[in-house]
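What's counted below: heavy atoms across the whole structure, side chains too, no hydrogens, waters or symmetry copies.
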Amino acid sequence: MQEWCTIESDPGVFTELINTIGVQGVQVEEIYDLNDEQQMAQMQPIYGFIFLFRWTSKGEKRECLKIYDQDLFFANQVIQNACATQAIISILLNCPQIEIGEALKNYKEFAIALDPKERGNCLGAVEVIKTAHNSFARPEPFIFSNEKKKAKEGDDIFHFVSYIPFKGKVYELDGLQEGPILIGEYQDDWIVKAKEAILKRIQHYQEKETAFTLLAVNQCRKFRANQIISQSQNEILLTLKTLEFIGAELNEEQNQQLIQLSNQQNIEQELLQESKEELLNRLNLANTRIQEAQITLSEENAKFQKFKEENSRRKHNYIPFILELFKMAQRKGQLEGLLEKAQQKQQQKLQQQQKK
Amino acid sequence: MNQEVNIPCGRYEFNQETRKVVMQKDKGLLNLILNDENELWLKWYNLDQNRRLDFERVIFKGTTIFEKVKGQHRVYLLKITDEDSKYFFWMQNEDVNQDEMYIDKFKAIVDSQIIDNLIEFEAQIPLNQQQPEFVANQNRQFENQQLQPLININQQQLLELFQQQLYRHTKQDLSLSDILTSEFLFSVIQDQDYFEALKEYLPIDQQNIQYFKDNLISPQFQQALDQLCLALKGRERSSVLQQLELDNSILEKEYDGVIAFIQAIIKLVKEENKNI
């Protein structure tokens with residue numbers, strides 16, 4: 001059976017991975033500062049957090065729940081190299097607002113009756129997910145006869161854990177633990193609770209100078225911007241119709257907008273309660289929202305284009321390119337000079353080191 | 001991944017006149033490292049002299065013994081059996097009980113060196129008649145080049161390790177990035193000939209001039225360059241050159257895989273030009 005490969009921990013990789021397995025309207029973003037209110041606000045709604053940290057064999061034992069809400073989907077990580085994908089899936093499967101697509105729906109329906117270990121095992125059999133995951137494996141252009149090296153203490157292996165809200169409680173889901181870990185209950189904003197737990201963890205790893213990263217799984221900003229545009233356009237349409245109805249004179253731009261936006265015949269009764277000034281104000285606000293959303297859309301399109309380009313490069317084998325580059329350098333009579341120059345520079349460096 | 005141990009200990013020095021070993025009082029650190037190239041490097045740093053490197057040599061599994069000297073308090077002997085060399089150290093860590101722990105770790109690292117197909121070695125190693133200067137300098141007491149029988153080291157691997165050490169100390173350790181300087185890559189980006197030759201090797205959705213620069217400065221290109229460099233520096237560099245359809249016989253004269261790669265390309269293009 002084909003193994004699961006290591007993939008890069010990059011928001012662009014994870015976003016494309018999610019989209020490839022059929023999930024709609026979700027993206028992954030890196031969080032640089034949990035206390036940055038502006039960044040956090042722009043990311044809303046956030047469905048879950050993923051905390052990455054360097055794994056050690058001396059793993060901390062956490063207090064896990066043995067009995068928990070049966071609707072909470074928890075799976076053990078049994079597949080090597082799958083922890084990133086599994087952490088993301090843990091969030092997706094526990095968030096009813098997300099349209100998770102056929103593959104994940106089928107997996108959840110089948111696996112819900114199994115114990116956490118078996119759920120983890122079954123994930124390995126979901127071809128769509130495994131194929132999507134492995135599509136991000138770095139090309140290995142050379143095949144050597146020696147055996148694979150086993151990871152040892154000090155090697156760069158990262159582990160991923162998720163934080164999610166679920167029915168009024170915040171949980172930490174770590175596939176290497178026996179069950180979910182209850183962080184605490186929340187009233188309105190689960191992020192406050194999750195933040196406490198994450199900041200505590202960050203502090204712990206900062207003291208040990210261990211590398212870590214924090215990601216958010218949130219609503220795709222493009223998706224949201226499109227929603228805002230659509231809703232605002234609808235609101236503009238209704239407002240213009242109402243203005244027309246009450247006999248207010250529309251300027252040329254407003255007339256154009258009305259023509260562009262409408263076939264709708266109905267007029268919202270509540271809009272009729274508003275004065276002309278209020279309606280015009282509503283119009284301005286909706287137009288402003290559309291402009292802001294279009295800026296967001298433009299930025300997100302550029303970001304996704306960048307993700308696409310980077311992901312394309314990640315999957316590409318550059319060895320033929322490199323080989324051809326060197327050949328061209330020789331054809332152009334440059335290669336021997338480059339080698340000589342590099343050797344001279346190294347020689348100088350070596351001499352300086354020896355003097356020290 | 002390197003395996004390493006640092007042992008706080010002082011040295012004894014051999015007095016040629018009196019033919020006795022004399023304890024040196026300086027505080028020191030004995031460092032043993034098994035690196036990614038499967039080399040065991042032993043170094044002793046003089047901590048009282050600003051961490052000066054006073055002693056450095058390579059050792060091998062099968063010919064290295066490190067043990068406590070009987071009858072002496074906290075004195076340990078490092079013996080290289082194929083040279084009959086001896087080095088004495090005295091432990092300086094505060095906790096006496098840790099001495100054996102350090103020695104066990106030392107031995108474990110030495111044992112980790114991979115030597116395949118161990119065979120009994122009964123004759124002198126057929127190296128060049130002139131021993132590499134590096135090895136001769138390491139131990140001036142080494143007069144008798146007759147090797148003890150029953151040393152289980154693969155001849156070819158020993159030769160390779162010696163070549164590696166010699167190379168490291170006398171030649172440059174070039175990487176492909178040293179050759180493809182930023183200055184050169186900048187000129188490539190602006191050269192239409194390079195673009196025309198290379199565009200088909202770019203990712204399929206990026207085969208235009210706009211992406212040419214982006215690819216050349218991308219971390220993915222750099223990673224691939226590093227990967228290739230690592231492969232060329234490794235033990236299977238001959239196989240790497242073969243996979244790239246380059247002449248791997250160049251490695252018979254050029255030990256360094258990167259330089260051999262460049263020379264193979266030069267040769268290939270020259271032959272292409274001859275055939276035109």
Below 4.5 Å, heavy-atom pairs only: which of A/Gln334, A/Glu340, A/Glu309 has the largest tally toward chain B? A/Glu309
Could you have a look at A/Lys332, A/Lys341, A/Lys308, A/Arg314 and say which one has the most heavy-atom pairs with chain B under 4.5 angstrom? A/Lys332
Side chain, backbone, both or neither: which part of [X] has a heavy atom under 4.5 Å from chain A?
X        : answer
B/Glu183 : side chain
B/Leu185 : side chain
B/Phe221 : both
B/Asp193 : both

Taking the six-membered ring of B/Tyr255 as reference, does the cationic atom of B/Arg237 (NZ for Lys, CZ for Arg) lie under 6.0 Å from its centre and within 45° of its axis?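 Judged by the rule, B/Arg237 and B/Tyr255 form a cation-pi pair.
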Do the charged groups of A/Glu300 and A/Lys303 touch, with an N to O distance under 4.0 Å? yes
Sidechain N-carboxylate O distance under 4.0 Å for A/Glu16, A/Lys315: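 Judged by the 4.0 Å cut-off on N to carboxylate O distance, A/Glu16 and A/Lys315 do form a salt bridge.
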Is a side-chain N or O of A/Thr15 found less than 3.5 angstrom from the main chain of A/Pro11, in a donor-acceptor match? yes
Winner by heavy-atom pair count (cut-off under 4.5 Å) against chain A, out of [options]:
options                      : value
B/Thr181, B/Val188, B/Leu180 : B/Leu180
B/Leu202, B/Leu225, B/Val258 : B/Leu202
B/Phe261, B/Tyr201, B/Tyr211 : B/Tyr201

Would you say the ring centroid of A/Phe49 lies under 6.0 angstrom from that of A/Phe51?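 Centroid separation for A/Phe49 and A/Phe51: 6.0 Å or greater.
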Tell me which one of A/Val217, A/Leu215, A/Ile18, A/Asn218 satisfies side-chain contact (heavy atoms from CB on, under 4.5 Å) with A/Ile91.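 Testing each of A/Val217, A/Leu215, A/Ile18, A/Asn218 against A/Ile91, the sole residue satisfying side-chain contact (heavy atoms from CB on, under 4.5 Å) is A/Val217.
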Exactly one candidate in A/Thr85, A/Asn81, A/Thr6 meets side-chain hydrogen bond (donor to acceptor under 3.5 Å, both in side chains) with A/His133; the answer is A/Thr85
